Amino acid sequence: MQMRLLARLALATLVVAAPLSLALQSQAAQAADPVTVLTSDFEDGTVQSWGGRSAETLANSTTVAHGGTHSLAVTGRTAAWQGPALSVLSTFAKGTAYTISVWVRMADTSDSARLSVERRTSGTASYDTVVGNTAVTSGGWVNLVGHYTLAYDVDFLSVYVETASTTGSLYIDDVTATYVPAQPIQTDIPSVKDVVTEFPVGAAITGAEILNEHGQLLTKHFGSVTPGNALKWDATEPTENTFTYTQADPLIAYAKSNGLAIRGHTFVWHNQTPSWVFLDANGAAMTATAENKALLLSRLENHIRNVAAHYGDTIGTWDVVNEVIDESQSDGMRRSTWYTITGLDYIRTAFRVAREVLPNATLCINDYNTNVAAKRDALYNLVSQLLNEGVPIDCVGHQMHINVSWPAVSDVEASIQKFATLGVEQQVTEMDVSIYTSSSESYTTPPAERLLAQAYVYRDMFALFREYADDITSVTLWGLADDNTWLDTYPVARKDAPLLFDTVLQAKSAYWGVVDPTKISTTTSSSPSASSSPSASSSSSSSSSPSASASTSASPGTSACSVAYRVTGSWTGGFQGDVKITNTGTAAINGWTLAWTFTGGQTVTQLWNGTVSQSGSAVTVTNASYNGTVAAGGSTSIGFLGSWAGTNPVPTAFTVNGTACAVA
């Protein structure tokens with residue numbers, strides 16, 4: 001193993017030393033100018049065809065305006081999902097990627113706002129998030145801007161603004177929808193699947209990726225597909241024992257007709273599972289009883305038997321269970337409802353039933369951050385135990401949601417080597433490489449140096465995967481091109497560029513990192529300065545915190561450290577946070593304990609990159625094994641999920657190793 005690592009590093013050094021070529025820009029047409037199909041500025045004094053989703057009142061207003069002197073005021077909301085809506089049925093064309101932008105401002109409160117689309121086919125409604133929860137206050141305008149491609153035949157299509165938790169009045173202004181005319185894909189460049197022949201290379205897809213130029217790009221470069229959401233429980237069994245495959249069947253049919261292998265994702269996950277699954281026989285939330293365990297396992301078995309039988313051998317690989325590990329727990333197991341009601345039996349049952357119905361399929365357990373030692377070890381211990389029990393686990397899936405500076409190749413290699421000792425297949429299941437290294441960054445255009453760094457990450461990771469082709473049996477990218485990526489809305493709303501092809505489906509330096517590293521370009525794009533705003537345009541209120549200000553004005557601490565606390569997402573009863581510790585001193589911090597006190601009754605429910613304990617309102621986090629040293633001038637971050645009720649104020653003071661820090 002060590003000799004192989006040294007050989008690969010020597011090869012990588014030779015590639016770095018080689019002259020860098022230009023990006024073969026002659027092969028990629030320049031992007032056309034955007035075409036505007038919708039404008040609502042409300043300057044004519046009307047509501048310009050906007051209406052409410054329920055009984056709310058819409059009126060033209062001159063109280064505040066983002067541009068000009070008029071905006072649209074929305075009052076009388078009685079539910080968070082109510083808000084201003086506009087029909088775009090006659091405006092949006094199937095298969096065209098639209099950029100939708102709306103400026104939002106609360107009237108007299110704070111909340112998180114979302115931009116969404118409702119579509120209906122034969123009376124059945126579906127909902128798509130264009131921009132996820134973004135903090136909005138009454139202090140200024142915030143731009144919600146996202147991308148949407150209609151991938152279905154519909155008889156109703158509406159774009160609307162909603163909020164996460166409150167029913168406060170709000171304003172919207174300067175709404176636009178644009179699209180960039182499609183460019184032909186590059187047909188004179190090597191296909192990824194023809195260059196990487198050691199294992200299938202796939203892409204996660206939605207209905208948009210099988211249409212027009214997207215479909216051409218997919219079939220040219222990839223040998224397998226993963227329906228990203230269409231096979232999850234909420235899409236296939238939204239109500240008990242009523243199965244529907246309207247989202248997945250077109251994707252599966254397209255893959256079959258084009259000779260693409262198919263990965264099924266996923267039978268069991270703690271997210272995107274309908275609420276009815278976790279209700280007892282009386283309709284109440286399940287508690288840990290023998291009766292509820294039996295009921296939940298029977299629902300699980302019924303779901304897998306039906307979905308698996310519907311597709312049979314058409315789908316050759318399944319992520320049977322997804323994201324079951326929480327390394328912060330003493331036993332390493334995520335405290336999902338699945339686990340609290342059934343223990344490990346839901347995992348045992350899922351694999352047993354899947355094997356019975358799908359005797360020829362490859363059955364995987366899938367998780368993220370498997371390159372982190374604590375996570376890797378917890379997953380390894382679980383898989384080892386279950387294999388010893390005879391549970392039919394064929395494969396371990398490494399998601400590989402990474403970024404341009406993390407993780408080290410050696411950490412990924414260590415994970416591959418560890419699971420190789422179990423004799424199971426390994427698959428990279430959801431790979432993307434974010435251009436961002438923290439939640440506070442946002443770029444309107446991807447900087448050249450980030451795209452260059454991204455190309456080298458793809459180069460090095462694919463070199464590693466190909467070296468371990470005896471262990472790695474497939475690699476799947478979590479998306480086809482940068483125009484449709486989940487990272488545009490997670491962990492904050494901002495445009496990311498994590499894939500091999502750009503927003504107009506042209507090859508990036510990342511593509512060349514996989515196909516031919518000698519053609520990695522240093523002239524990928526301009527380099528605008530970073531902004532801490534999650535929106536494309538700066539705004540006085542575009543903080544990611546749902547409170548009026550994302551940081552506090554507490555007096556600076558007395559030690560050589562600073563702490564930045566941010567709420568990066570919020571929903572009814574819950575939120576996600578990010579805390580960054582910066583060493584502002586001249587000596588390294590070797591081992592740290594971070595502490596703060598909540599003032600709104602919040603509770604940390606899950607935390608990563610550290611170990612958490614909470615006593616009342618006091619929270620204490622100690623470093624993980626891999627991030628205990630913070631060099632002078634360096635920083636480290638933790639992330640967490642929390643619960644809240646009423647208000648979610650930002651803590652005003654933090655200590656590291658018992659000494660107060662400045663609040664950034």
Side-chain angles (χ1 to χ4, degrees), residues 110 135 137 139 328 406 437-441 491-492 530-534 540-570 574-664:
S110 300
T137 74
S328 70
W406 177 87
T437 60
S438 74
S439 295
S440 62
E441 295 180 325
V492 296
S531 165
S532 61
S533 166
S540 61
S541 64
S542 56
S543 154
S544 60
S545 168
S547 61
S549 63
S551 62
T552 70
S553 58
S555 59
T558 59
S559 73
C561 60
S562 68
V563 173
Y565 176 107
R566 299 288 184 268
V567 174
T568 58
S570 182
F575 69 106
Q576 179 170 331
D578 180 89
V579 186
K580 180 180 181 181
I581 304 169
T582 299
N583 181 359
T584 58
T586 58
I589 298 174
N590 294 306
W592 51 264
T593 298
L594 169 69
W596 74 83
T597 299
F598 281 128
T599 59
Q602 304 100 313
T603 300
V604 175
T605 57
Q606 181 182 341
L607 183 137
W608 49 96
N609 295 338
T611 300
V612 65
S613 62
Q614 183 168 351
S615 176
S617 59
V619 179
T620 302
V621 182
T622 56
N623 61 270
S625 59
Y626 52 87
N627 64 356
T629 299
V630 184
S635 62
T636 189
S637 294
I638 63 168
F640 68 93
L641 300 178
S643 62
W644 64 288
T647 61
N648 188 16
V650 172
T652 58
F654 301 85
T655 64
V656 169
N657 294 339
T659 304
C661 294
V663 179

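If you're wondering where the values come from, they're calculated on a predicted model, not measured in any experiment. Worth knowing before you read on, the calculation uses all heavy atoms, side chains too, and leaves out hydrogens, waters and symmetry mates.
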Residue pair V663 / F654, side-chain heavy-atom distance below 4.5 Å: yes
Minimal non-hydrogen separation, A631 against A588, with atom names: CA-CB, 4.1 Å
Closest heavy-atom pair and its distance - V604, Q614: N-OE1, 2.9 Å
Atom pair CH2 (W644) and OG1 (T603), whose distance is rounded to the nearest 0.5 Å: 13.5 Å
Side-chain donor-acceptor pairs of residues 592-602 under 3.5 Å, sequence neighbours excluded:
| unit_1 | atom_1 | unit_2 | atom_2 | d |
| --- | --- | --- | --- | --- |
| W592 | NE1 | N627 | O | 2.9 |
| Q602 | OE1 | G600 | N | 2.9 |
| Q602 | NE2 | N648 | OD1 | 2.9 |
| Q602 | NE2 | P649 | O | 3.0 |

Residues in side chain to side chain donor-acceptor pair (under 3.5 Å) contact with S328, at least two apart in sequence or another chain: D326
Sidechain-backbone polar pair: T584 side chain, C561 backbone, donor-acceptor under 3.5 Å: yes
V612 and its side-chain contact (heavy atoms from CB on, under 4.5 Å) partner, picked from T620, V621, T605: V621
Pairwise side-chain contact, V563 with V579, heavy-atom cut-off 4.5 Å (strictly under): yes
Separation of S438 OG from K580 NZ (nearest 0.5 Å): 5.0 Å
Heavy-atom donor-acceptor pair, N583 side chain to V630 backbone, under 3.5 Å: yes
Nearest-0.5 Å distance that lies between atom OG1 in T636 and atom CD1 in I589: 10.0 Å
Inter-residue atom distance N657.CG - T622.OG1, 0.5 Å rounding: 10.5 Å
Nearest heavy-atom neighbours spanning G585 and A632: O-CB, 3.3 Å
